[in-house]
Amino acid sequence: MKRTHHCNELRPSDAGRTVTLTGWVHSRRDLGGVLFIDLRDREGRTQTVFDPSDLDTAVFEAAAHLHAESVIEVSGVVRVRPDGTRNAKIASGDVEVLAKSLTILNHARILPFQVDDPEVANKVNEELRLQFRYLDLRRPEMMRNLRLRSKVAIATRSYMDEQGFLEVETPTLFKSTPEGAREFLVPNRRDPGTFYALPQSPQQFKQILMVSGVERYFQLARCYRDEDLRADRQPEFTQVDIEMSFIDREDIYALIEGLLKKVWKTALNVDIPTPFKRISFDEALNRWGIDKPDTRFGMELVDFSEEFKGSKFGVFGNAVANGGVVKAINAKGLAGATQGQIETMTDYAKSFGAKGLAFIKVEKNAAGVVEWKSPIVKFFNDAEKAALTAKLGIEEGDLILFAADQWLNACEILGKIRLYCAEVLKGQGKLTIDPTRFDFMWVVEFPLLGFDREMNRWYSSHHPFTAPVAEDIPLLKTDPKKVRGQHYDIVVNGVELGGGSIRIHQPDVQKTIFEELLQIPPDETRSRFGYMLDAFQYGAPPHGGIALGFDRLCAILCGTTSIRDVIAFPKTAKGVCLMTESPSQVTPRQLRDLHIEVKAAVKPPVAPTAS
Ligand code: ASP
């Protein structure tokens, strides 16, 4: 018998029908000699009943000995469950199937962890889940994530198709072009000492496709970066990669707003309002201390440089005298911060080169009078105190935190501390963020270049193909730090969803950037980017593009903070796949073929397999 229904399909109107279901033994209960087996397939669950008074003994016995997660086929008759035994939590919870026959398609061994109970499963250590990923993926939450990801991918493809884009696959065996992150290299057997590199992004190919006249390109592209992994990074990840010709920034904004509108509707049935607000890099830093602000809560940075210039408190006065700024935030309700919390925040400040962290706790003293507890307050005059009170709205229970430094540093210190305070306040129930709220924004007008003091040279804030804002081009030669790039980031709830730029399409401007500003020697420019500079001399249209982090996008839609939850087979923070145990050693013969000698001590090679 073939399956007649999925496990979420049967309803009271099916009562009396003979049906066949297939799936996994989700759970089994024995109630007064009658067996209840919840059968689960991809779509849902149905209760089957094995009643010994109504069944062949052998069938009953077989059912009685099934382990959880064995694969079975059950045929039987649908009946409405007696009142009081209905399960409103599942779609077919009003009915059950009275089993007549059972086929065991495969036995399951005792499981390394339970998959039927979300409470239990959520507590299983992640390494075990990753080792037995096939079991982990059976959990309905994980299956939901895979399904949602698939829907979002399909919605993306259909939207891009409607907008006239061609999906073009670009190579994953690419050329090494160190442009930031470390690359994965692939040795070339045919020419010892030469390597392919796995692409960090299809950036160069997509620009070449514009020169080819494709005009509108997209790809759900796999990208590779051999970075030390932070919590939400993977060595390989997926981007929705896009490039368009004959456009300006507005076209990209409109395209992406339309895409996200469609994706949010498809995945969550939520209508997101467009257009998104736009915030300059300067404003984002000034107000939230970060270029990807989470604007779902306040605690904005307030500038006190004017008030504290010439202050008796040397740290503040000197910062302003040296061209820096004094900024503060008010963490409302955090006056009771523990020593440990203050130390964590001080460490953040120190990691940016600050000497310490100035703060004021606004609390009642022993006599019940509200006072500003801080060793620095004695240096403040009345006007300074009045300015703080007025601009920060200071009241009992507040924790005021300061940064006095060069502008960018001061902003970033408080930006980091602001997010930390928000986490602490959330934990204490003093700050709640509506989980259905999505604050989208474009962050624009980034500086084109940053300056690397150690190397004494400029580096591209984004990548070297980003075009300067047209009116700033003359500044490239005179004051590069003032040059704004035509770069944009799309940010939601403090997460950078993606970024891109209008590109340089004039070979001479591109050469100036490479050679004069980034100081890449001409022969190196030639060997790394020669083909691009050449291509640009044969009719390159003005163009621009963007890439969205697809894993992160799916994680946001699934309401999880870990991108591992939306990747079928992710790697650990150490870059290891625990299920397949990769990376792994290879045979001496493979190494010989690749002209590779491993110098470091290695474990004995694996025995060669028959294949
Ligand atoms: N290639 C860029 C990245 O991966 C995105 C872009 O500029 O389109 O970040």
Side-chain angles (χ1 to χ4, degrees), residues 156 160 163 165-172 174-184 197-211 214-227 230 232-245 247-249 251-256 259-260 281 291-292 442-450 459-469 484-491 495-505 510 513 518 528-529 532 540-553 563:
T156 300
M160 296 308 284
Q163 301 295 318
F165 283 77
L166 305 190
E167 183 170 11
V168 182
E169 288 156 276
T170 54
T172 50
F174 181 40
K175 179 187 163 81
S176 172
T177 58
E179 63 172 64
R182 200 178 293 129
E183 299 170 314
F184 285 100
L198 303 183
Q200 301 182 26
S201 89
Q203 184 63 35
Q204 297 177 40
F205 286 109
K206 67 176 174 176
Q207 290 194 241
I208 296 275
L209 284 171
M210 295 304 106
V211 181
V214 166
E215 293 200 18
R216 291 181 164 223
Y217 143 95
F218 88 102
Q219 179 180 197
L220 264 66
R222 193 61 69 81
C223 306
Y224 305 85
R225 294 184 193 171
D226 187 10
E227 290 170 323
R230 283 194 257 129
D232 63 340
R233 297 274 173 105
Q234 285 281 307
E236 53 179 312
F237 58 95
T238 308
Q239 282 187 347
V240 182
D241 197 45
I242 294 170
E243 198 74 13
M244 300 162 86
S245 295
I247 49 116
D248 58 26
R249 285 176 276 183
D251 297 287
I252 298 276
Y253 301 156
L255 176 84
I256 298 301
L259 171 64
L260 294 176
F281 171 81
D291 60 3
K292 43 178 181 178
W442 290 103
V443 179
V444 295
E445 295 188 9
F446 284 79
L448 183 72
L449 301 158
Y459 61 87
S460 306
S461 307
H462 184 46
H463 55 51
F465 313 112
T466 299
V469 168
R484 289 163 301 165
Q486 294 201 50
H487 172 71
Y488 30 76
D489 272 355
I490 174 83
V491 171
V495 177
E496 183 195 322
L497 248 189
S501 56
I502 300 299
R503 324 296 184 190
I504 299 165
H505 69 284
Q510 185 68 75
I513 299 271
L518 306 180
R528 277 167 62 183
F529 304 110
M532 241 180 134
H543 61 285
I546 190 165
L548 304 182
F550 189 64
D551 306 297
R552 218 170 277 174
L553 172 67
I563 61 168

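Keep in mind the model is a prediction, meaning the values are calculated, not measured. When a ligand or atom number is given, it counts from 1 through the structure's own listing order.
By the criterion of a heavy-atom distance under 4.0 Å, neither the backbone nor the side chain of Q200 is placed next to ligand 1. Neither the backbone nor the side chain of Q207 has any atom closer than 4.0 Å to an atom of ligand 1 (non-hydrogen atoms only). Residue-level proximity to ligand 1 for E243 is absent, since no heavy atom of it falls below 4.0 angstrom. Contact annotation: for A547 versus ligand 1, heavy atoms closer than 4.0 Å belong to both the backbone and the side chain.
Contact atoms of ligand 1 toward G500: 6 (C), 7 (O) (distance under 4.0 Å to a heavy atom of the residue). When each atom of ligand 1 is checked for a heavy atom of I546 under 4.0 Å away, the hits are 8 (O).
Using a 4.0 Å heavy-atom cutoff, H487 is absent from the residues neighbouring ligand 1. At least one heavy atom of R225 lies less than 4.0 angstrom from ligand 1.
By the 30° and 60° cut-offs, the orientation of the rings of Y224 relative to F184 is perpendicular. Using the six-membered ring where Trp is involved, Y488 and Y253 have ring planes that are perpendicular, over 60° apart on the 30 and 60° scheme.
Counting all heavy atoms, side chain and backbone alike, I504 lies closest to H543 at O-CE1, 4.3 Å. V211 approaches A540 most closely through the heavy-atom pair CG2-CB, 4.0 Å.
The closest side-chain donor-acceptor pair between S201 and Q239, if any, does not fall under 3.5 angstrom.
Checked by distance only, ligand 1 and D241 stay at 3.5 Å or farther apart across all their nitrogen or oxygen atoms. The N/O atoms of H462, backbone and side chain alike, include one that comes under 3.5 Å of an N/O atom in ligand 1.
For F281, the ring-ring contact (aromatic ring centres under 6.0 Å, His included) partners at least two apart in sequence or on another chain are F446. With sequence neighbours excluded, the residues satisfying ring-ring contact (aromatic ring centres under 6.0 Å, His included) with F174 are F205.
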